[in-house]
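In what follows, a structure is listed as structure tokens, so that the remarks can point back to it.
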There are 2 protein chains.
Amino acid sequence: MAPRKMIDASAPAEGGGIALAEDVSAGPGREDPLFINSLAKGLGVLKAFDGDWDALGLREIAARSSISMGAAQRITHTLVRLGYLRKDDRTRRYRLSARMLDFAYHYLHASPLYEVAIPFVASARDDCRETVNVAELDGPEVVAVIRMPSQRRMNPTSTIGRRLPAFCTAGGRAQLAWLPQDELADILDRTDFQPRTPRTITDRAEVERRLEIAQREGFALVDEEVNLGEIAVAAPILDGNGRPLAAVGVSTSTAHWTVEAARERLAPVVMETARRISRSLRGWKPF
Amino acid sequence: MAPRKMIDASAPAEGGGIALAEDVSAGPGREDPLFINSLAKGLGVLKAFDGDWDALGLREIAARSSISMGAAQRITHTLVRLGYLRKDDRTRRYRLSARMLDFAYHYLHASPLYEVAIPFVASARDDCRETVNVAELDGPEVVAVIRMPSQRRMNPTSTIGRRLPAFCTAGGRAQLAWLPQDELADILDRTDFQPRTPRTITDRAEVERRLEIAQREGFALVDEEVNLGEIAVAAPILDGNGRPLAAVGVSTSTAHWTVEAARERLAPVVMETARRISRSLRGWKPF
DNA sequence: ACGCTCTTATCGCAATGCGATAACTAATTT
DNA sequence: AAATTAGTTATCGCATTGCGATAAGAGCGT
């Protein structure tokens with residue numbers, strides 16, 4: 001009964017709109033007759049398996065997704081039946097099944113980006129022996145789409161699907177810098193300039209200045225703004241109209257690289273890699 | 001006129017029967033009061049974005065997931081609102097959003113396997129300069145969980161989330177071979193021994209013999225049974241009780257490797273890598 | 001053994017999501 | 001261009017579907 005309300009950031013897409021996660025439980029009929037509540041709840045449950053907590057019990061699922069236990073019961077039952085959740089009959093706890101990766105598979109195969117980029121990314125990683133990644137912009141965030149880690153273990157192993165704010169990441173800035181003015185402004189309007197480290201630039205004007213520099217230089221460089229001890233460089237993958245589709249980036253450690261070294265030896269690699277991928281993609285028009 | 005009847009008695013409104021590859025519903029729509037149909041349909045729509053087709057229109061979505069257009073309308077609306085689908089207002093078509101990768105992220109972070117394995121896999125790939133992967137068993141199939149491709153472009157670029165039959169893949173056999181007898185039998189019972197190439201072993205007894213050999217040798221070797229021109233070697237990652245959690249595998253091309261060379265130079269790598277990962281995982285008990 | 005907590009099963013009700021249809025808009029044909 | 005068509009959005013009344021509460025059942029700890 002703890003009235004804890006876990007508002008999850010579910011709907012960053014549309015600007016206005018109603019706070020949907022808010023009234024899911026105590027919901028009086030809302031004014032959106034097309035919105036299917038059970039679907040939202042179901043996906044909410046899938047999202048509840050967030051932290052590195054292991055198997056969840058029914059009660060905890062209900063609490064985390066702020067739904068009634070009856071709903072949790074029905075939803076878990078359905079998800080188990082569909083194969084997305086697995087249940088340990090002994091402990092009566094649930095955990096995600098490998099079928100969750102189906103979604104990633106479908107997504108990655110819905111665009112040629114993945115397949116085309118892989119060999120170039122592999123080659124780039126071998127050239128500089130550092131972690132290379134490809135990230136897409138999704139609203140004010142970037143999402144890791146490809147990740148080829150170096151042997152060195154990085155701080156928080158960034159995984160496919162990881163989301164980070166665009167304004168302070170190299171991949172994010174590399175895409176923001178090539179965006180049309182109005183779209184950029186729209187995204188920055190929606191951005192929460194929260195510092196991730198003491199070195200994160202939180203001033204919008206200053207970020208915009210960095211974007212101009214990135215545009216001019218052809219790459220974005222971020223120095224310990226995301227994680228202390230980490231330097232990242234990224235360049236945009238552009239479609240035929242010069243619109244950014246994603247960014248190729250390299251992350252490395254201040255223990256082995258200086259900003260100057262990165263600028264000199266890493267930046268050319270990401271720019272060249274991004275250019276090659278861009279060229280291989282020509283002809284395919286995203287929306 | 002009361003033509004609104006519904007002869008659907010014969011066609012229980014099970015969620016998207018056709019499009020779902022698995023036996024999602026042998027007939028669950030029937031009497032299963034806990035089964036939430038709208039949730040199944042919603043997930044079915046997400047799955048409809050399967051091939052490399054690009055953006056889908058409402059009509060096509062409805063057809064692919066075998067739901068009414070009304071349902072398609074409501075579901076897409078909901079999914080767009082939740083951020084899983086993106087809509088191009090000009091063409092009125094939908095496509096998956098990067099948010100789909102959230103699921104992969106949650107799944108990969110629900111177990112320590114991913115983080116622990118990454119550096120070892122990276123190191124293995126650098127040792128043999130071939131594609132290294134980690135796959136988990138999910139029923140009679142294996143699912144790719146980690147993929148570190150070589151620079152050489154492989155036939156069908158295997159992606160995270162890709163599913164293949166366990167009985168004819170190296171990663172699959174490496175896990176089957178270490179499974180308790182009853183579980184193995186259960187999985188083989190459910191296996192459809194369909195050949196993927198002319199060289200696929202489709203005789204259950206012969207597959208079982210190969211499993212014994214794999215068990216004895218410590219690794220599984222598959223020669224062009226999945227794709228022509230491809231040799232794969234894999235070894236199991238075991239938990240404290242000797243139960244397989246996943247498998248480390250290397251895929252390579254017959255153009256550059258012979259079976260003997262793979263056995264001699266690749267097998268030791270996967271075995272050693274699997275052993276290292278296994279040891280790093282001790283203490284964590286999956287269910 | 002007896003509480004306790006959490007999970008599974010059951011039930012009656014009405015809100016929710018359903019399918020059909022109509023209004024609309026973009027793209028194609030003539 | 002006007003006319004035709006394919007496809008998408010909006011609306012509506014109704015029964016179905018999924019809802020929350022409650023009761024029955026399992027484990028677990030003390």
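Atom set for the values below is all heavy atoms of this structure, side chains included, hydrogens, waters and symmetry mates excluded. We name chains A, B, ... by the order of the sequence lines, and we start the count at 1 in each one.
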Contact letters for nucleotides 2-11 of chain C, in which S counts primed atoms plus P, OP1 and OP2 and B counts the base, heavy atoms under 4.0 Å: ----SBBB--

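- For Glu60(B), the side chain to side chain donor-acceptor pair (under 3.5 Å) test picks out no residue, with sequence neighbours left out.
- Residues that satisfy the side chain to side chain donor-acceptor pair (under 3.5 Å) test with Arg190(B), not counting sequence neighbours, are absent from this structure.
- In this structure, the CZ atom of Arg74(B) is 11 Å from the C1' atom of dA20(C), given to the nearest Å.
- What separates CD1 of Ile67(B) from P of dG17(C) is a distance of 14 Å, to the nearest Å.
- Of the side-chain N and O atoms in Ser38(A), none sit less than 4.0 angstrom from OP1 or OP2 of dG18(D).
- Taking the side chain of Asn37(B) as heavy atoms from C-beta on, and the options dG19(C), dG18(D), dC18(C), the nearest nucleotide is dG18(D).
- A search for side chain to side chain donor-acceptor pair (under 3.5 Å) contacts involving Gln215(A) returns nothing, not counting sequence neighbours.
- Following rounding to the nearest Å, Lys41(A) (NZ) and dT17(D) (C1') show an atom-to-atom distance of 12 Å.
- Between the side chain of Ser66(B) and the main chain of Ala63(B), no donor-acceptor pair closer than 3.5 Å is present.
- The interatomic distance linking Asp88(B) (CG) with dT8(D) (P) rounds to 12 Å, in whole Å.
- Under the salt bridge (Lys or Arg N to Asp or Glu O under 4.0 Å) criterion, the residue pairs touching residues 100-111 of chain A are Arg99(A)-Asp102(A), Asp102(A)-Arg163(B), with sequence neighbours excluded.
- Per the geometry, CZ belonging to Arg81(A) stands 16 Å off C1' belonging to dG18(D), to the nearest Å.
- Considering only residues two or more places apart in sequence or on other chains, Arg276(A) meets the salt bridge (charged side-chain N to carboxylate O under 4.0 Å, His left out) condition with Glu272(A).
- Overall bending of the helix from dA1(C)-dT30(D) to dT30(C)-dA1(D), expressed as the angle between end axes built from five pairs apiece, is 50° (10° steps).
- Checked against a 6.0 Å centroid threshold, the rings of Tyr84(A) and Phe103(A) count as neighbours.
- Remark: Tyr107(A) engages Glu136(A) in a side chain to side chain donor-acceptor pair (under 3.5 Å) (not counting sequence neighbours).
- Remark: P of dT8(D) and CZ of Arg90(B) are 14 Å apart, rounded to the nearest angstrom.
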Residues 173-182 of chain A side chain polar contacts: donor-acceptor under 3.5 Å, at least two apart:
| unit_1 | atom_1 | unit_2 | atom_2 | d |
| --- | --- | --- | --- | --- |
| Arg173(A) | NE | Phe167(A) | O | 2.6 |
| Arg173(A) | NH1 | Glu225(A) | OE2 | 3.3 |
| Arg173(A) | NH2 | Phe167(A) | O | 3.2 |
| Arg173(A) | NH2 | Glu225(A) | OE1 | 2.7 |
| Arg173(A) | NH2 | Glu225(A) | OE2 | 3.2 |
| Gln175(A) | OE1 | Leu137(A) | N | 3.2 |
| Gln175(A) | NE2 | Ala135(A) | O | 3.1 |
| Gln175(A) | NE2 | Gly171(A) | O | 3.3 |

